[in-house]
Amino acid sequence: MNQTFDIIIIGSGAGGGTMAWALAGSGARVLLIERGDFVPQEAENWDPEAVWKYLRYQTPERWLDDKGREFRPYTHYNVGGNTKFWGSVLYRLRREDFQAIQHVDGISPEWPIDYDTLAPYYERAEQLYQVRGELGNDPTEPPRGPYPYPAVPHSGGMIEIVSRLRELGLHPSALPLGLLRPGDPDGCILCNTCNSFACRIHAKSEAEVCAVRPALRSPNVTLWTNVCAKRLVANGAGTRVTGVEVERNGVTSIVEAPIVIVSCGAVNSAALLLRSATTGHPNGLANSSGLVGRRYMAHLATMMQGFHPLKKNSTVFQKTVAINDFYLRGPSSPYPLGQVQSQGRTHGVMAQTVVPWIPLWAYDAWVDRGVDWLAMSEDLPDDNNRVTIARDGRIQLLYRPNNLRAHHELVKETKRILRQLGFWLVVAHSHGSRNTTHQCGTVVFGSDPRHSVLDSFCRAHDVENLFVVDASFFPSSAAVNPGLTISAQALRVAEHIISNDLKHL
Ligand SMILES: Cc1cc2nc3c(=O)[nH]c(=O)nc-3n(C[C@H](O)[C@H](O)[C@H](O)COP(=O)(O)OP(=O)(O)OC[C@H]3O[C@@H](n4cnc5c(N)ncnc54)[C@H](O)[C@@H]3O)c2cc1C
Ligand code: SF4
């Protein structure tokens with residue numbers, strides 16, 4: 001397997017998959033390394049029991065928490081990464097998210113680029129991932145042109161909820177969604193097993209379908225599956241990566257390229273850099289700032305369900321509504337609270353994972369009468385929230401959620417609204433400090449090498465031929481879903497590599 005390419009990309013998710021697509025036409029010989037395999041198209045894709053009870057697609061790997069206790073992270077190692085299982089809510093960050101914002105518990109820092117810099121790449125990412133949305137109703141929408149496709153219409157039940165929300169003085173808007181050809185014979189069927197499930201018919205806009213498979217049509221793109229990058233090999237000074245040590249079926253080898261792009265997801269990218277320590281750079285590669293692994297963020301997320309015992313919820317595809325009224329300030333506070341989204345339908349098996357002793361029939365009856373929501377707030381960068389490598393080589397995640405006052409206020413306000421909508425009871429659940437779905441911030445980008453690991457094109461300040469293009473680069477987590485921003489920045493970095501680095505090869 002000892003081979004040489006022009007560019008190696010490690011990880012095929014939102015960052016790496018998009019990057020492979022963007023570099024496919026460049027003429028460079030691109031190797032995409034993915035530790036997992038393709039997710040098979042099979043009945044279990046849409047089976048709540050297979051997905052939620054038997055965790056069929058989740059990595060069996062165990063990480064350690066801050067107290068050294070093992071847990072199984074909610075993350076997926078396969079072609080397309082976590083995008084295979086995402087809800088495909090594809091938001092641009094708000095213009096304000098790129099600026100420093102005072103939150104109730106601290107400051108969300110400025111990004112080294114502004115919204116206008118990323119806007120053209122957002123547009124391209126929305127084309128690539130076929131985003132559907134509607135202009136005009138979201139009070140926080142940054143300036144932009146029309147969406148590539150019209151919004152997915154609300155179901156009957158959600159139309160009623162949207163009009164009640166408007167009567168309450170709120171501004172509900174359509175969630176921007178990446179769904180392929182809904183209504184067409186081979187398109188999305190708007191089913192009730194989308195978020196957290198793989199799409200059995202490949203009708204979800206995710207990295208495997210929209211980016212990796214199209215990239216592989218180019219003869220210069222090669223994909224290695226079931227190959228794990230163990231460490232990056234660098235010159236003595238740690239200023240240039242010379243190769244990637246990879247392992248397949250227990251066999252280790254080195255693959256080389258003059259440009260290496262790490263896109264393993266925020267936790268694994270930091271872990272890879274930390275594991276690449278040598279005596280020349282004992283704190284890990286690209287880590288003169290000491291920030292690799294630090295400033296882990298993951299959003300504060302609470303799943304909520306409004307329940308009405310006499311009203312069956314007939315909606316199948318429920319995930320179409322957003323409430324952004326509290327994104328920049330709360331109803332009674334000047335600080336940002338976050339976003340509320342309607343969620344995909346909960347299944348009894350999913351709810352049972354929270355309190356397993358309640359019988360499934362009771363859960364099924366409950367979820368039949370519930371409408372699901374997600375309240376999501378920004379958590380703030382804190383150097384003490386970090387990814388480290390434990391003595392036995394495993395990943396340890398030290399994360400203490402912050403900005404909780406803002407989140408509690410958002411949850412309280414959402415409960416109040418749901419009760420005003422007529423729900424008799426509202427229940428809430430959060431994964432707390434083991435939340436990894438929106439992981440970001442561990443290899444932060446910025447203009448000052450003392451306070452960031454990457455420059456604004458995601459090139460390591462310390463290592464001239466190393467890029468990290470996944471959720472790691474986020475200096476703040478904002479409070480909308482991260483995927484479109486990761487993909488947009490990947491397109492921007494790819495363009496930069498093509499015009500600056502490839503011509504020197
Ligand atoms: C259930 C769920 C729902 C979500 N819903 C949404 C949503 O609606 N909208 C949204 O924007 N975001 C959503 N997210 C978050 C979104 O999926 C992630 O933010 C996004 O996928 C992160 O992209 P990434 O490139 O950083 O990492 P990933 O997409 O996780 O990709 C990392 C890839 O690297 C591979 N890898 C890791 N380590 C190595 C190694 N050492 N060697 C080789 N390969 C390696 C992994 O196998 C993986 O394929 C959701 C996530 C989950 C889990
Ligand atoms: S058919 Fe549509 S709604 Fe169902 S999983 Fe696929 S993309 Fe999601």
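Because the structure is a prediction, the values reported are computed rather than measured. Side-chain atoms are counted along with the backbone in the values below, which use heavy atoms only and exclude waters and symmetry mates.
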Would you find a donor on one side and an acceptor on the other, under 3.5 Å apart, between the side chain of N385 and the backbone of R400? yes

Under a 4.0 Å threshold between the charged nitrogen and the carboxylate oxygen, would K67 count as salt-bridged to D65? no

- Query: Parallel, tilted or perpendicular: which fits the ring planes of Y74 and W52, with parallel below 30° and perpendicular above 60°?
  - Reply: tilted

Any non-hydrogen side-chain atom of E378 less than 4.5 Å from a side-chain atom of L300?
no

message: Looking only at the side chains, is there a donor atom on one of R94 and T140 sitting less than 3.5 Å from an acceptor on the other?
response: yes

| query | Which is it for Y115 and R92 under the side-chain hydrogen bond (donor to acceptor under 3.5 Å, both in side chains) test, yes or no, and what are the steps along the way? | reply | CA-CA 9 Å; Y115 171 74; R92 299 181 181 202; 2.8 Å; yes

Of all heavy-atom pairs linking L128 and C210, the shortest is CD1-O, 3.4 Å

Should E206 and R213 count as an ion pair when the cut-off is N to O under 4.0 Å?
no

| Check: E34 side chain, S12 main-chain N or O, donor-acceptor pair, under 3.5 Å | yes

Checklist entry - With a 3.5 Å cut-off and no angle check, do the side chains of S452 and D448 form a donor-acceptor pair? => result no

Open item on the list: If we count only N and O atoms by modelled type, under 3.5 Å, do the side chains of Y121 and S487 hold a donor and an acceptor together?
Closed with: no

- Message: Any side-chain to backbone donor/acceptor pair from R386 onto T442? Under 3.5 Å, distance only.
- Response: no

- Please lay out, stage by stage, how Q341 and N481 fare under the test side-chain hydrogen bond (donor to acceptor under 3.5 Å, both in side chains). CA-CA 10 Å; Q341 302 179 356; N481 316 59; 2.7 Å; yes

message: side-chain hydrogen bond (donor to acceptor under 3.5 Å, both in side chains), that's the test. Do Y77 and D37 meet it? Break it down for me.
response: CA-CA 8 Å; Y77 297 155; D37 211 330; over 6 Å; no

Does a side chain donor of either R124 or Q127 reach within less than 3.5 Å of an acceptor in the other side chain? no

Only one of P176, S205, P148 passes side chain to side chain contact (heavy atoms under 4.5 Å, CB included) with Y129, and that residue is S205

Taking D116 first and then R95, would you say they form a salt bridge - that is, a charged N and a carboxylate O separated by under 4.0 Å?
yes

*Should the heavy atoms of other residues, nucleotides or ligands under 6.0 Å from CZ of R450 be counted, would the total exceed 12?*
no

- prompt: Can we say E208 and K84 salt-bridge, meaning some charged N sits less than 4.0 Å from an Asp/Glu carboxylate O?
  reply: yes

Given the options V260, V463, T242, I8, L232 meets side chain to side chain contact (heavy atoms under 4.5 Å, CB included) only with V260

Per side-chain hydrogen bond (donor to acceptor under 3.5 Å, both in side chains), T75 is matched among N82, T436, T59 by N82

Assess the pair Y57 and H76: is the distance between their ring centroids shorter than 6.0 Å?
no

**Study point:** Salt-bridge present (R35, E247; N to O < 4.0 Å)
**Key:** no

Check: Do E61 and R394 meet the salt-bridge criterion of a basic N to acidic O distance under 4.0 Å?
Finding: no

Any donor-acceptor pair under 3.5 Å from Q318 side chain to Q343 backbone: yes

Item to complete: Look at the side chain of K319 and the backbone N and O of G87, then say whether any donor-acceptor pair between them is shorter than 3.5 Å.
Response: yes

In F85, F197, W46, the residue satisfying side chain to side chain contact (heavy atoms under 4.5 Å, CB included) with V51 is F197

Problem set entry | Flag side-chain contact, heavy atom, 4.5 Å: Q489 against T485 | no

Look at K230 together with E245 and state whether they make a salt bridge at an N to O cut-off of under 4.0 Å. no

Where do T302 and H429 land on the side-chain hydrogen bond (donor to acceptor under 3.5 Å, both in side chains) test, with the steps shown first? CA-CA 6 Å; T302 298; H429 171 69; over 6 Å; no

Note: H461 and P449 closest approach over all heavy atoms is CD2-CA, 3.5 Å

- Task: May I ask you to decide if V241's main-chain N or O and N465's side chain share a donor-acceptor pair within less than 3.5 Å?
- Result: yes

*Between D383 and R294, is the closest basic N to carboxylate O distance under 4.0 Å?*
no

Cation over ring, R132 on Y147, under 6.0 Å and within 45°? no

S472 and G265 have their tightest heavy-atom pair at OG-O, 4.1 Å

Do NZ/NE/NH1/NH2 and the carboxylate oxygens of R295 and D382 come within less than 4.0 Å? no

